[in-house]
Every structure is written in structure tokens, then in C-alpha cells.
Amino acid sequence: MVTRNGVDRVVEPIVNRSAPTVESGRTLTADERIAIADGVRAGRSARSIAIELGRAASTVSRELKRNRSAGAEYRPHAAHALMLTRRPRPKQRRLERDAELRELVQRYLDKHWSPEQIAHVLRVDHGRPIAVETIYQALYSPRRVLQRDAQTTLRTQRPHRRPVGEATSGAAVSSCR
């Protein structure tokens, strides 16, 4: 508390001047990591800590395995900092990183094969499993990962992807009663 001109004021230190980051429900927050550390220090199991946090026991167990230091101690602030370094986006896509795989996909696209056919032949004949979605993302990517665009390569000749679940012809959807 600070007194100025006869007026008492509460002064709180500014810890972080940047805007707070919005965490998704998918990743553990810094507060959850601190609660995990407190639980570990208290000798509690990963399952009981997970129940308290409302998380899966596997999430807490994985967090402890992944982020324990050499001395087998769990340090929540170091773990959170590690998570922030592991997660930068956008990450380079697989066909951007792997030139050999990109060349194979390009070769089959030049033969007008569908992404489903390409994924199958790469897995069976070449031992290089790849998701069909990876090929579609590379085709529709604005970064031009592949030499040909989706409009000239795919049978649908769509320049943009249509969102999944959208009605195709405006037909009424029947409901079960």
C-alpha cells in the first residue's frame, strides 16, 4: 500500500505486460501444470491429480513423463516453456519437408490419379504411408507445394475445397422420429 497526498492506494506489480494468451481446452494451462506439480510433491497418483483437474489420467501421466528433469523432478514453469517451444505454428507440412515423397505424389498426380489411389499405391508398393488428407491439403495449399493446382488435377475441378457436411444441392435433410 502506498500513501500519496494523504490517500492510501493499493499498488499491484505488473507481472506480464503482454495480453494473456487464450488457451484451448486441448492443452494444459500453466495453472494446471502447477497443480500437477503440487500433487506430485504431495505424493498423489497421476489418476487422482487428473480427477481433480477434470483431465484424463493419460494426459497427466504423459505430461509427467515428457517434462520431468534429469533429477526426476517435475518443474511446471519449465514444462510450460517447453510446450510453448514445441508448438509453433504453422509447421512445415510433410510434403514440404520430404522431397522424395513429394516427387512420388507429383508423378502420380501427373498421371491423373486421385489422392485416394496415390495414398494406396504409396503405402502398398513404396512402403511410404501418407494420409489422403495430406495430399488434398498440399493441392489446395496457397504455398504451392505441388506443381499442379487442384482445379487442373482433380476430377471435380474445384478451385476451392467445399466444407464437409454442407448440403450439396439444397435438398431437405430427413430426420428420424
Side-chain angles (χ1 to χ4, degrees), residues 1-106 115-116 118-120 122-124 126-146 160-161 163-165:
M1 190 171 294
V2 174
T3 304
R4 270 197 197 157
N5 300 332
V7 178
D8 290 335
R9 294 187 177 146
V10 176
V11 178
E12 295 181 10
I14 297 174
V15 176
N16 186 0
R17 288 182 182 257
S18 64
T21 59
V22 177
E23 298 282 339
S24 72
R26 222 178 109 235
T27 60
L28 291 171
T29 63
D31 291 338
E32 288 175 317
R33 287 186 169 87
I34 291 169
I36 290 171
D38 292 343
V40 168
R41 274 196 283 297
R44 295 176 48 210
S45 69
R47 186 170 299 280
S48 68
I49 296 169
I51 290 170
E52 179 186 316
L53 293 175
R55 295 284 190 162
S58 61
T59 301
V60 174
S61 176
R62 187 180 317 113
E63 174 69 15
L64 291 170
K65 275 185 203 166
R66 181 181 287 170
N67 295 312
R68 283 205 172 168
S69 64
E73 290 181 5
Y74 177 74
R75 298 175 189 249
H77 298 291
H80 196 71
L82 274 173
M83 180 275 300
L84 292 174
T85 60
R86 289 183 192 127
R87 142 184 121 160
R89 300 280 191 245
K91 289 186 177 182
Q92 212 177 25
R93 294 187 174 161
R94 185 168 176 204
L95 288 176
E96 290 174 327
R97 290 188 318 255
D98 190 343
E100 181 185 343
L101 184 60
R102 182 175 56 246
E103 180 59 40
L104 282 170
V105 170
Q106 186 66 57
E116 289 82 2
I118 295 169
H120 177 77
L122 289 177
R123 186 182 70 248
V124 173
H126 298 281
R128 303 287 307 265
I130 185 171
V132 173
E133 181 65 19
T134 302
I135 300 170
Y136 276 111
Q137 285 180 359
L139 281 168
Y140 285 104
S141 171
R143 292 187 289 219
R144 298 302 241 173
V145 176
L146 297 168
H160 305 285
R161 292 187 82 172
V164 175

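Remember, predicted model here, so these are calculated numbers, not experimental data.
Partners of Leu101 under the side chain to side chain contact (heavy atoms under 4.5 Å, CB included) rule, at least two apart in sequence or in another chain, are Arg94, Leu95, Asp98, Leu122, Arg128, Ile130. Take Ala50 and apply the side chain to side chain contact (heavy atoms under 4.5 Å, CB included) test, not counting sequence neighbours, and it matches Ala57, Val60.
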Scan the side chains in residues 39-49 for donor-acceptor partners under 3.5 Å anywhere in the protein, sequence neighbours excluded, and list what turns up.
| residue | atom | partner | partner atom | Å |
| --- | --- | --- | --- | --- |
| Arg41 | NH2 | Asp38 | OD1 | 3.3 |
| Arg44 | NH1 | Glu52 | OE1 | 2.7 |
| Arg44 | NH2 | Ser48 | O | 3.1 |
| Arg44 | NH2 | Glu52 | OE1 | 2.9 |
| Ser45 | OG | Ser48 | N | 3.2 |
| Ser45 | OG | Ser48 | OG | 3.4 |
| Ser48 | OG | Ser45 | N | 3.4 |
| Ser48 | OG | Ser45 | O | 3.0 |

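Among the candidates Met83, His80, Arg55, the single residue satisfying the side-chain contact (heavy atoms from CB on, under 4.5 Å) test with Leu28 is Arg55.
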Going through the checks in order, is the side chain to side chain contact (heavy atoms under 4.5 Å, CB included) test met by His126 and Glu100?
CA-CA 11 Å; His126 298 281; Glu100 181 185 343; over 6 Å; no
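By the 4.5 Å heavy-atom criterion applied to side chains, Arg68 and Lys65 are not counted as neighbours.
In plain terms, the two heavy atoms of Glu73 and Arg75 that are nearest each other are OE1-NH2, 2.8 Å. When all heavy atoms of Pro115 and Leu139 are compared, the closest pair comes out as CG-CD1, 4.3 Å. Nearest heavy-atom pair across Glu63 and Ile36 is CG-CD1, 4.2 Å.
Panel note: side chain Arg33, backbone His77; no donor-acceptor pair is recorded below 3.5 Å.
Rounding to the nearest 0.5 Å places CZ of Arg102 at 13.5 Å from CZ of Arg93.
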